S.K.: 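Shown below is the structure under consideration.
The shown structure was predicted, so the numbers you read here are calculated from the model rather than taken from an experiment. Every number for a ligand or one of its atoms is a count from 1 in the order of the listing. Residue numbers count from 1 along this sequence. Only heavy atoms go into these numbers, but all of them, side chains included; no hydrogens, no water, no symmetry mates.
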Amino acid sequence: MMVLAEAMSSQAVDFGITLTQHVLRKQHLHPDARGQFTRLMAQIGVVGKLITAQVRRAGLIELWGETGDMNVQGEHVQKLDRIANDTFIEVLRRSGCVAAMASEEEDEVIEVAADRAGDYIVCFDPLDGSSNIDVNVSIGTIFAIYRRTQPDRVVPEDILRPGREQVAAGYIVYGSSTALVYSDGHTVDCFTLDPSCGEYFLTGENLRMPEKTTMLSINESNEPYWPSWTKPWVDSIKARNDPQRRRISSRHIGSLVSDFHRNLLKGGVYLYPADSNNGRGKLRVLYECNPLAFIAEVAGGAATDGTRRILDIVPTGLHERTGLVVGSKTEVAGVADFIARHG
Ligand code: AFP
């Protein structure tokens, strides 16, 4: 069995650095910091612990299954979706760091009472990949953090703004362990929750998206609805394989946050194109695409809807959807070429 000293010496990162310690260490990069961001990240960490506790016991305490309600997206709400959403809202409402929130599960913006409001706006998907809950497959929470634009009131532009204005973004994956990954725009860092002491420790520092694509993540059953460039593009990626050597593997979990996390670590491209009939994608700009595009870019990757950089989209509605291609920079750049050739 690996003893603690061995584990410490085998770590590529500073062993024993907690999430809060790490955020504090980086405060010098933000000379106007007032400590609110540090508190906000600590509270998001708490949200991750509370949701982890529910996810880990879901099968034991009847948290699998649907509530019987539909959400604003017209999807069946799972019991864990509801719990994760309420947890996120209530923890952040009490944090003193947040002025307003937008959730994938809520119809309207959630404003925080003035006496508790802070500097930040948070958009989040409380539990992404909820169709995977009942079958013990990885799911996650995704969040985007912006600074409020007005000191005394929340305005629509606080929420309906391009993703490039994010000050930070991150996600928590409830997988074989609970991992919290976030970027403050300078680096992308990964923390793993140690369940024995309830603390997040730094386990990956300054993550870089591998330039080489080895994983292709797409739901191929949607092929009849793909726009015309998608199939030739997918075929061109698969054509990198030959009988002597497999260079590309197909991996699609159906939980964007988990697919993204794997591709960030292993090198891959994730694709959910806009539907050729209605021109809309499935994924939500505010809660899924923006935060993951932000992380991808800071890690050296890129994200597009096919023609536009994801972070330049100015959403006109809270629950706007878009097509998404996210992965290494050269892979994503190649999409424009296929669109020019195949439309
Ligand atoms: P749910 O949270 O409703 O399961 O949606 C998950 C998701 O938005 C994203 O995480 C997946 O990658 C994508 O949908 C999967 O959608 P398909 O089932 O259409 O492939």
S.K.: Quick one: do the Tyr120 and Arg147 side chains pair a donor with an acceptor below 3.5 Å?
M.R.: yes

S.K.: Under a 3.5 Å threshold, yes or no: a donor from one side chain and an acceptor from the other, between Glu205 and Thr187?
M.R.: no

S.K.: Strictly by modelled atom types, are Arg262 and Ser217 linked by a side-chain donor-acceptor pair under 3.5 Å?
M.R.: yes

S.K.: Strictly under 4.0 angstrom, heavy-atom based: which residues surround ligand 1?
M.R.: Asp128, Gly129, Ser130, Ser131, Asn219, His252, Gly254, Ser255, Leu256, Tyr270, Tyr272, Lys282, Leu283, Arg284, Glu288

S.K.: Please list every donor-acceptor pair under 3.5 Å in which a side-chain atom of residues 36-48 meets a protein atom from a residue at least two apart or in another chain.
M.R.:
{"from": "Gln36", "atom 1": "OE1", "to": "Asp119", "atom 2": "N", "distance (Å)": "2.8"}
{"from": "Thr38", "atom 1": "OG1", "to": "Gln27", "atom 2": "NE2", "distance (Å)": "2.9"}

S.K.: Will you find, in the side chains of Glu157 and Thr149, an N or O donor that is under 3.5 Å from an N or O acceptor?
M.R.: no

S.K.: Identify whether the distance between the nearest side-chain nitrogen and carboxylate oxygen of Arg284 and Asp125 falls below 4.0 Å.
M.R.: no

